[in-house]
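Report on the following structure.
Residue numbers begin at 1 in each chain, while the letters A, B, ... track the order of the sequences. Below, all heavy atoms of this structure are taken into account, side chains as well, without hydrogens, waters or symmetry copies. Bear in mind that the values here come from a model prediction, so they are computed numbers and not experimental data.
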Amino acid sequence: MPEVREPRFKLGETAWCPGCGDFGILESLRAALDELELEPHRVLVVGGIGQAAKTPQYINANGFCGLHGRALPPAVAAKMVNPALTVIVNTGDGDSYGEGGNHFLHTIRRNVDIAHFVHDNQIYGLTKGQASPTTATGQVTHVQPSGSPSLPMNPLMLALAMGAGFVARGFSGDRDLLTHLMIEAIRFRGYALVDILQPCLSFNKINTFAWYKKRVYRLDETHDPSDLSGALSKAQEWGERIPLGILYRREKPLWSDHLPHLAGVPLVDRQPDPAVLQALLDDLT
Amino acid sequence: MPEVREPRFKLGETAWCPGCGDFGILESLRAALDELELEPHRVLVVGGIGQAAKTPQYINANGFCGLHGRALPPAVAAKMVNPALTVIVNTGDGDSYGEGGNHFLHTIRRNVDIAHFVHDNQIYGLTKGQASPTTATGQVTHVQPSGSPSLPMNPLMLALAMGAGFVARGFSGDRDLLTHLMIEAIRFRGYALVDILQPCLSFNKINTFAWYKKRVYRLDETHDPSDLSGALSKAQEWGERIPLGILYRREKPLWSDHLPHLAGVPLVDRQPDPAVLQALLDDLT
Amino acid sequence: MDYNLLLGGAAGQGMETLTVQLEAVLKRVGFHVHTTHDYMSRIRGGHNFSQIRFGDLPLWAPSSDLTGVLALNPETVLIHQSRVCPGGFVLVDEGLGLTGPDLLALPLARMAKGLGEPQAIGSVALGVMLRLFGIGWEPLEAILNGLQGKKDLRSPNVEAVRAGFGLVEPRYDPPSPAGEALHMLNGSHAVALGALAADMRFYAAYPMTPSTAVMTYLAEHMVETGVVVEQAEDEIAAINMAIGASFAGVRAMTGTSGGGFCLMVEALGLSGILEVPLVVLNVQRPGPATGLPTRTEQADLRFAIHAGQGEFPRMVIALRDVADAYRQTQRAFDLADRYQIPVILLSDQYLADTRRTVPILPLRITRGPRFISDASGLEPFSYRRYVITEDGISPRIIPGQVPDQIQCVDSDEHDEWGHIVESSVQRVAMADKRSRKLAGIRGELEEPLFLGDPEAETLLLAWGSLAGPMREAVSLLVDQGLPVGALIFGDLWPLPTGELEKRLPRALHRIHVEQNGTGQLASLIREVTGVSMTGSVLKYDGRQLTPVEIVAGVRKAVTSHA
Amino acid sequence: MDYNLLLGGAAGQGMETLTVQLEAVLKRVGFHVHTTHDYMSRIRGGHNFSQIRFGDLPLWAPSSDLTGVLALNPETVLIHQSRVCPGGFVLVDEGLGLTGPDLLALPLARMAKGLGEPQAIGSVALGVMLRLFGIGWEPLEAILNGLQGKKDLRSPNVEAVRAGFGLVEPRYDPPSPAGEALHMLNGSHAVALGALAADMRFYAAYPMTPSTAVMTYLAEHMVETGVVVEQAEDEIAAINMAIGASFAGVRAMTGTSGGGFCLMVEALGLSGILEVPLVVLNVQRPGPATGLPTRTEQADLRFAIHAGQGEFPRMVIALRDVADAYRQTQRAFDLADRYQIPVILLSDQYLADTRRTVPILPLRITRGPRFISDASGLEPFSYRRYVITEDGISPRIIPGQVPDQIQCVDSDEHDEWGHIVESSVQRVAMADKRSRKLAGIRGELEEPLFLGDPEAETLLLAWGSLAGPMREAVSLLVDQGLPVGALIFGDLWPLPTGELEKRLPRALHRIHVEQNGTGQLASLIREVTGVSMTGSVLKYDGRQLTPVEIVAGVRKAVTSHA
Ligand SMILES: Cc1ncc(C[n+]2csc(CCOP(=O)(O)OP(=O)(O)O)c2C)c(N)n1
Ligand SMILES: Cc1ncc(C[n+]2csc(CCOP(=O)(O)OP(=O)(O)O)c2C)c(N)n1
Ligand code: SF4
Ligand code: SF4
Ligand SMILES: [Mg+2]
Ligand SMILES: [Mg+2]
């Protein structure tokens, strides 16, 4: 039986609706950080804007709530210059895949060592229920009264197609698994995505807790996460059965592995070398 | 022997470098439009900004050269309201996948009936040779002197992952095939992507005409374009052998199929119905 | 005579519905109604409230004095009780266990439960309040029945209203009905309806509070009206789509708030150089960045005027009240079309969310074919999109509709054919052509509204949604023996100067009243006329200035300057 | 004494290299050099040219009169021949088959071929030109040998230069060498070096002409300097990355041109409300939209001042010449850091691409730990990022570096802890705290540079890169007996008013000289001081005003106002 100790990471009061799936995600995040024995001052949680994106407000680590859709660029840059930080992005599906879609693509390409936890409620929560990129075709909202006319995005397929090294799916209602996925994602050397199914009880009346509960199942050892084509086919599974777990895991060189001049002393701790600058100036002479 | 007739579509003087792959693409575009017997005034060619994006300037159809990275949104909207137009986007890899990456994702989701021809020279041409999203990892440029530190994007994988219904690869040096692909893409009911390998002799010294020539081959009948997993595996072929042709083709409902109120008279030809508006006002009474 | 009710509770307690029901009834009884909303950026919990003013004359602003409060939670009592006037009431469910002066603790929940409809507490409360104001059951029942079919109103439960009705006796004299037919709508509806009346056929936007209500209204009615309402992936796509649709031949618009407007700025210049008509709505909220998402401010004026690199003609028009919003939105489309420019409409959260009664809005559909050339008689392929003209306006054609005529448009500097050029001469010719449109635009400008005493030596200057509170403030000041005049700007760029030139020289006290911290209208007036203000009334806490606050601010400004 | 050479040809003919080689030699001989570039937005073909002025005194602008032309194609002869002064030359390869006055047709290609280096035509021409100006072979050979190792210079072929040297006799007296050590650089290098001297460690940008050269220079030297130079996927990412890096503890910057700046506007406000220091470079080019990508303009001034929704303190500083650009960039980082604000640097294509000699730039590295608090002595978890202070500045810490202290930042309005708030009181407290920084910022402002005659009744007003042409124009006017004074603004927002208050009242003629069509500086001055201009010299064709044009424009403005 594990020793009971005071958790390092504490949670604050939230502005979420009672019963929201975000609570489970926040709890798992806290559990993951505690289990990893990280120190709050060395953890940076980044969000954009949205319900999910308020997560950094509610946990006592460093927090950065930037602009809607723009969580990834500052997160990546913070890690580039201050690699002692454990950088985690918690934000919404709209934030990550809608307004922020372009950063999602190129953050994967960059492969900086951050973890990206998407609270995927398949809806825009904070703005009261418009379709998000993952909303099903035909789902009716106030703004899509004839049903959403677009194909839903499959974030896992997308991440795999872009070459992400760690691709997983969690569910806010399976907290143990989610905590485990978060830990693995944080430990993973490189960009790691966990797309987290999250009921929004106020605005998504289709993908409810019960809807997910009925469909999700945990991937078992028969799934080989190092096999891309297996991962691609698991990523396409949606509807009656929805797999949870690590679909794909394979380390690739980091962005910084290609930039040897950044090895060694972190940028934040470097001092400029006057001799180098003098040489540059002299080169102009 | 086909009757020789005056081509309807004429080409203007360009500002491209002599020998640029863009010429072959422009010629194929002209040939495709002619073969489809379209009328110039019913064709709209859209570009963003870049070398490739100048294409609309050089062919006598309607042309719209908008902002860098923003070719797709106006193209899609023009088609939505004025469906009699054949809408074709010709623009660069930077324009389509870099600055415009988010529109690329969501245009696929929307599935409006346009054709998207990406002049993929794996470099930023007009701005003099920085890495584009498709530039190989490690390729050296003025701005990436230690080599590009990011994974290159695979646009075909990405399009397939997003659910695109028509995904093809062409090569500016195989004009017959390219013309054929363009014709098929334009005919396809829905969003159709042709990623076109295009040598940039001024700035991409790696992916030269010879480099491509040595590697490309045409897909033959053994490839079944209706099979997604086959398409996904062909899309991953890159390096020694690069397949050309239609990787995937399967019709899906259009954006407008979900919006029955847009069927019938095109928006551009509709007249407002005063009775409907009066009813809306009266509803306020 | 007018009364003022406050309905308060937590998000998710159904207050929004109750407010709509109450104001719908009051309006149908024939009163003038004016409702403002104060809500937090959250979906459940927190503290939200609405204030419903109703009376026999048009109402222009919320009042600080309350006739009564309906408190769905104790917090509402705590926060608002002190504002209740003598003889007023604080209606609560007896279950809250509260006592105190003015408290009217009634068995609302119990009655609802008794009817087998525990959700119907609101309807019971509705009955109580309507009865307090002496409304008769018969007309009320007819109204309630008439409301049953209404979309979005989740009809009040007639039985429960009747139960509430029976709990109290009348206390207040009802105002007399307005006696004219009224529309009731908020600023968001007004913009949407103005756009539809202008024959807008394409609206693309990305959700952003407080602009989303325009998109929602349009989407709810897209099937009947036959328009496209497309939720874009981001604001950049939204505006570029609107430009594409406009280029392709339909009237098009996009709407957002400040953060999204930032992302539209590059394409604003695109509309400028392509000369594609465009209407852009910016419903302001307090910034910078995310700021206070559900609150109000007027701090994007200078930004709207100067947004975008380079120089190109544009118009910036602030919306003043719901009727003005309806009319100006329609006018914006006409101006955008006639001058082939972007027109920016500045609204704000206060105007967007404030619902009030106005005299019946006229329906006049304005889009005609007159701004589009048929290009008939031209040689094949000889149409020049940017033919140089004296007034700077080149006739447009709709692509695909004129056989053998094509058009090319380019965001680079271009020649008459729309082809890229780099020569000095062609650059200057095209830039001058564009800026010549300004002469025409100046001829279209509407002078600011003047209110109050034309002889007063105190001149107030305000813009946009402060029009309502200013109206009441000016009356109050005049009543209090401080004669003032006020100019309320709608058109802001180019700035109309007729009234300013007439009135500024005579004004000893020049006081700008603005919902921002730096005085953006004041800076603009000084830039254009050289005249500076003598005093300021500024507020930037996210809440609209009330008439009483304006009065106090103006008095202070006059005293400290005198 | 100074000479002026024009090198013209099509893109891709190697002119850029030749220009760099020629100016490198001239500078090493000891002359002052000033080179401007005129190039089209294409990679091959078209017509491009450089003008190299050199002499014995500092040179501040291009001259319209040409001593000589090197024409690599007939078009160059056609376009520029008329500007050649008496006694001047037009050097062409004899193979072009051209004849005419001033024409110096020589066997450049033949000589190069003879050496087995057909590519070396340029080096042959170099030899010809250097010989014409009486430069001795021995010093020249030493210089040429010294250039061999240089990066980016594709060293001239010494044999070919010698061959050219032998083709002609000296014609002109060489100017005397400057006699002091000089640096030669363009505005892009100056900004990059200023940033490095300020200890910038992170630069993220998306390529955009004419700003790309800053990124390219930094990237080329990133390995030695140990900084991050990241090409972002778009400008939105670029600025948000810079903000993230700055938050995380290093000095950070982004750079772009107007179109990209548009996309950065929302994040400018983010920097404002997060109070994260940020330097943003906007290298202006003519708009709107894509406009003239490789040309110059000063039309983003008002946009830079007002960009972003809401209100927050910022600084806007225009760069005036290369030495100023070096110094001001460094200063921008200090100010951004001290006040925790965004600082916008306005450059333009002319300044970015103009290379000139300047006295040796001093190296002084300015980043110290002084703008970061160590937070020692605080209780665990008690650090408040936004503690309310009198001067509005709250001490920063670097995340991860202070055990048991964390910080939260939020783009919503927030309390001292960085947590979201909606209350009026907290909103006002935080907005006021931010705006109190303005007092400190005002104390840092630099007055505009004053040139010319302090007693003159004609005052010229200009900003940014017109500093160079204005210097020569002012001398010319004074020489011509029209006494003028001139204020050249670097700091533009907040606008320093000391010199204006002193000089405007005495100035009978107030003439603004700007590289735009609407007079943005004039509007700003009027907004702040109420004083309007009496005349304008404006140019917006994408080419920099020359001293001679300014002189003519000023004379005309004075006459028509008098
Ligand atoms: C530039 C900009 N556009 C739009 C918004 C409005 N906005 C705030 S949150 C949000 C969507 C939130 O959806 P999601 O990211 O899925 O988060 P959720 O609330 O569902 O957790 C939007 C559109 C904004 N703040 N900024
Ligand atoms: C907002 C904005 N950012 C940057 C640019 C500069 N720019 C013009 S074209 C281009 C890249 C062109 O690359 P690509 O799309 O691959 O086209 P190519 O020239 O290679 O055909 C860039 C970065 C711009 N015009 N606008
Ligand atoms: S609106 Fe939905 S996502 Fe937001 S807090 Fe409520 S339940 Fe959660
Ligand atoms: S730079 Fe490259 S892409 Fe552009 S025209 Fe030249 S060869 Fe073609
Ligand atoms: Mg969501
Ligand atoms: Mg390219």
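Interface remark: D:Arg302 contributes backbone and side-chain atoms alike to the contact with chain C (heavy atom separation under 4.5 Å). Proximity to chain D (any heavy atom under 4.5 Å) is restricted, for C:Arg434, to the side chain, taken from C-beta onward. Contact annotation for D:Gln284: neither backbone nor side-chain heavy atoms come within less than 4.5 Å of a heavy atom of chain C. With a threshold of 4.5 angstrom between heavy atoms, D:Ser523 approaches chain C through its backbone and through its side chain. With a 4.5 Å cut-off on non-hydrogen atoms, D:Asn516 touches chain C through its backbone and its side chain both. Using a 4.5 Å cut-off between heavy atoms, D:Ile236 touches chain C through its side chain atoms alone. With a threshold of 4.5 angstrom between heavy atoms, C:Val528 approaches chain D through N, CA, C or O but not through any side-chain atom. Of the two parts of C:Phe303, the backbone and the side chain both hold a non-hydrogen atom closer than 4.5 Å to a non-hydrogen atom of chain D.
No side-chain heavy atom of D:Glu235 sits less than 4.5 Å from a side-chain heavy atom of C:Glu266. In this structure, the side chains of D:His306 and C:Ile305 stay at 4.5 Å or more apart for every pair of heavy atoms. C:Arg285 is not listed as a side-chain neighbour of D:Gln309, based on a closest heavy-atom distance of 4.5 Å or more. Annotation: side chain of D:Arg427 is in contact with side chain of C:Glu297 (closest heavy-atom distance under 4.5 Å).
Of the possible polar contacts, one joining the D:Arg526 side chain to the C:Thr529 backbone as a donor-acceptor pair under 3.5 Å is found. Without hydrogens or angle criteria, C:Asp300 side chain to D:Gly310 main chain gives a donor-acceptor distance under 3.5 Å. Side-chain atoms of C:Glu311 do not come within 3.5 Å of backbone N or O of D:Gly287 as any donor-acceptor pair.
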Item to check | side-chain contact (heavy atoms from CB on, under 4.5 Å) between C:Ile420 and D:Thr290, intermediate numbers included | outcome: CA-CA 10 Å; C:Ile420 302 179; D:Thr290 310; over 6 Å; no
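Annotation for D:Gly269 and C:Pro288: closest pair O-CB, 3.7 Å, computed over non-hydrogen atoms.
D:Arg42 and C:Glu422 are not joined by a salt bridge, as no carboxylate oxygen comes within less than 4.0 angstrom of a charged side-chain nitrogen.
Rounding to the nearest 0.5 angstrom, the gap separating the OG1 atom in C:Thr518 from the CG atom in D:Leu438 is 10.0 Å.
Heavy-atom pairs under 4.5 Å with chain C peak, among D:Phe261, D:Phe312, D:Tyr540, at D:Tyr540.
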